[in-house]
Structure formats: structure tokens, C-alpha cells
Amino acid sequence: MMYWNDHGMSGWGIGLMTLTVLVFWALLVAGAVVLFRHFARTPPPDGPGEPGRPDPEQLLADRLARGEIEPDEYRTRLDALRAGRTPTPR
């Protein structure tokens, strides 16, 4: 009666085979999730001029257009932005 006992595989062999298959599928799914998250994330903004992030000078011009600041304050703040310093509060 050759091969009567499933090619000699015992309970340990079946259990090890089941565990190996489960680990294989878990690693495959985890790898797919990691790759999806890596390629789906957006890079952090680096500075002005980047898409999706308004330019500081444009924000200042928008505030002037909405009437939030006066033209004198606009010029002072614009000069400060271009000089690379923060304006002093009045």
C-alpha cells in the first residue's frame, strides 16, 4: 500500500505547510499595502512656488485686494518678504 498515508505527510507536515502558506499570503498583502502607501503619499512641501502651496507674495496681494491691509502696510510687508526678514509690528 504505497502512498496510502498521503505520501508520508504527518500532522506536523500539514500544519507546517498551512503555516507557510499563511505567512506567504500575509507577506504578499503587507508588501502590496506598503507599496501602495509609498506611491500614494504626496511629498511634503519644500517651500514657496510649489504646486498647491500659495506664494507668500500672492497671499499678501490677496489680503490687499480684500481690504484686510492698507497699501502702505502692503509695501512694507512686501519689502520685508523680499529682504528675507519679518516686518516689525506697528
On a heavy-atom basis, the closest approach of Leu64 and Ile69 is CD1-O, 3.5 Å
Would one find more than 12 heavy atoms of other residues, nucleotides or ligands at under 6.0 Å from atom CZ of Arg37?
no
So Thr20 and Phe24, do their side chains get closer than 4.5 Å, heavy atoms only?
no
Take Asp79 and Arg82, measure what salt bridge (Lys or Arg N to Asp or Glu O under 4.0 Å) needs, and give me the verdict at the end.
CA-CA 5 Å; Asp79 291 341; Arg82 290 183 177 163; 5.5 Å; no
So if you build clusters from Ile, Leu, Val, Met, Phe, Trp, Tyr with side-chain heavy-atom gaps below 4.5 Å, do Leu28 and Leu22 land together?
no
Among Glu57, Glu68, Glu73, whose salt bridge (Lys or Arg N to Asp or Glu O under 4.0 Å) with Arg63 holds?
Glu68
Value for CH2 (Trp12) from CG (Leu19), rounded to nearest 0.5 Å, stands at 11.0 Å
